[in-house]
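See structure below.
First listed ligand is number 1; within each ligand, the first listed atom is number 1. Every heavy atom of this structure was used, including side-chain atoms; hydrogens, water molecules and symmetry mates were not.
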Amino acid sequence: MPDTVNHVPYDAHNSEIIMNIRNITKKFPVAGGKFLTACDNVSINVRKAETIAIVGESGCGKTTLLKAVMNIHAPTSGEIVFHGKDITKLTGEEKRQNYRHIQMVFQDPTAAFNPKMKVKNIICEPLLNFNLIKKSEIDEKARELLEMVELPGDFADRYPNNMSGGQRQRVAIARALALQPEIIACDEATSALDVSVQDTVIKLLVKLQQERGITYLFICHDLALVSMFAQRVAVMYLGNVMEKIDGDKLDNARHPYTRALLKAVFPVATKDNFTIETLQGDIPSPLDMPAGCPFQDRCYKCADKCRTEKPVLQELDYNHYVACHYPVTDEELCR
Ligand SMILES: Nc1ncnc2c1ncn2[C@@H]1O[C@H](COP(=O)(O)OP(=O)(O)O)[C@@H](O)[C@H]1O
Ligand code: SF4
Ligand SMILES: [Mg+2]
């Protein structure tokens with residue numbers, strides 16, 4: 001495990017809970033009258049000024065969960081309570097106003113930006129949409145927001161195509177910051193960047209969090225990356241949260257799936273005759289969910305009970321929850 005860097009000094013465990021994601025299930029209708037369960041009964045409490053990383057292989061339901069939080073699509077069941085209101089039920093102007101408080105940054109901002117718009121218009125568009133600035137104020141506001149993301153003010157007159165990937169992602173962050181949201185949802189926001197650029201963008205996000213108390217929901221498939229700055233980590237598999245753990249305690253993860261993900265990125269020390277298998281094969285189809293544990297076909301610890309009884313999240317330790325009948329034990333783990 002590398003040294004943790006830039007852990008926010010904010011006491012993430014004692015800050016106010018600003019959002020309760022409660023029992024969110026999202027089923028998509030697919031061909032043949034079947035349903036695909038993209039999120040299955042997901043519950044996460046979101047605190048002010050913390051980063052919650054949501055990790056897992058492609059297709060495990062991370063984006064679907066964020067889209068429910070962003071109110072882009074309604075969940076099949078469950079609720080998302082934000083400042084006392086279930087935002088999944090909002091409609092009309094109330095729903096529109098809610099977008100001010102929760103903004104999103106995507107993996108590829110180029111797709112979200114109109115290439116014919118100057119950076120200043122891209123950044124200030126949300127402010128104009130909510131009538132928060134006049135057109136005459138665009139230049140000044142754009143410069144202010146560009147400075148926040150450590151880009152020169154004269155980038156305001158550039159077009160998105162005349163920038164590097166890292167610079168474009170900073171513009172996307174500036175646009176997300178414009179409305180002073182409480183939560184920014186980042187969907188693989190740094191995944192397409194070179195490692196060194198990724199590092200500077202993460203440092204910028206952490207700095208902005210410290211200055212402004214922003215909460216991040218940070219979707220990522222890179223456990224090593226999130227261990228460096230996320231206070232909380234939720235590990236998803238086939239739409240289910242398998243483990244919730246503090247980011248700086250990831251080396252104590254006890255779900256066999258989390259351990260397999262860790263093994264893929266860190267050299268994990270084990271006792272002489274004990275090996276943790278790395279992940280074999282692809283994530284199974286969410287259309288053919290087995291009875292019992294979703295991870296059973298790839299789990300080296302799978303036993304009879306795992307094939308019949310679905311494990312639910314249980315508190316193993318303070319702030320540490322695992323959905324597994326046979327979590328990895330101290331004996332199995334050499335720490
Ligand atoms: N609009 C949709 N219709 C049908 N299936 C979908 C839709 N969106 C996502 N899915 C399916 O839901 C599952 C989870 O997808 P997604 O949330 O995008 O995963 P991730 O972001 O973790 O890669 C996948 O099997 C995906 O194919
Ligand atoms: S419940 Fe069983 S199959 Fe599932 S992760 Fe735990 S040991 Fe493995
Ligand atoms: Mg996704």
Polar contact flag for Pro286 and ligand 1 (N/O pairs, less than 3.5 Å):
no
Which option out of Cys306, Pro290, Pro256 puts a heavy atom nearest to atom 3 (S) of ligand 2?
Cys306
Does CD in Gln97 sit with more than 12 non-hydrogen atoms of other residues, nucleotides or ligands closer than 6.0 Å?
yes
For Cys324, atoms of ligand 2 separated by under 4.0 Å from a heavy atom:
1 (S), 5 (S), 6 (Fe), 7 (S)
Under 4.0 Å from ligand 2, counting heavy atoms only, is it the side chain of Pro311, its backbone, both or neither?
side chain
Is it the case that ligand 1 has an N or O less than 3.5 angstrom from some N or O of Gly59?
yes
When you measure from atom 6 (Fe) of ligand 2 to the N, O or S atoms of His325, does any of those distances fall below 2.8 Å?
no
Kindly confirm or rule out an N or O of Gly61 lying under 3.5 angstrom from an N or O of ligand 1.
yes
Please check if the number of heavy atoms outside Gln180 that lie under 6.0 Å from its CD is greater than 12.
no
Look up atom 20 (P) of ligand 1 and tell me if a protein heavy atom lies less than 4.0 Å from it?
yes
Relative to the heavy atoms of His255, which atoms of ligand 2 are at a distance of less than 4.0 Å?
5 (S)
Within the protein, is there a heavy atom lying under 4.0 Å from atom 2 (C) of ligand 1?
yes
Counting from 1 in the order shown, the ligand 2 atoms closer than 4.0 Å to a non-hydrogen atom of Cys299 are 3 (S), 5 (S), 7 (S), 8 (Fe)
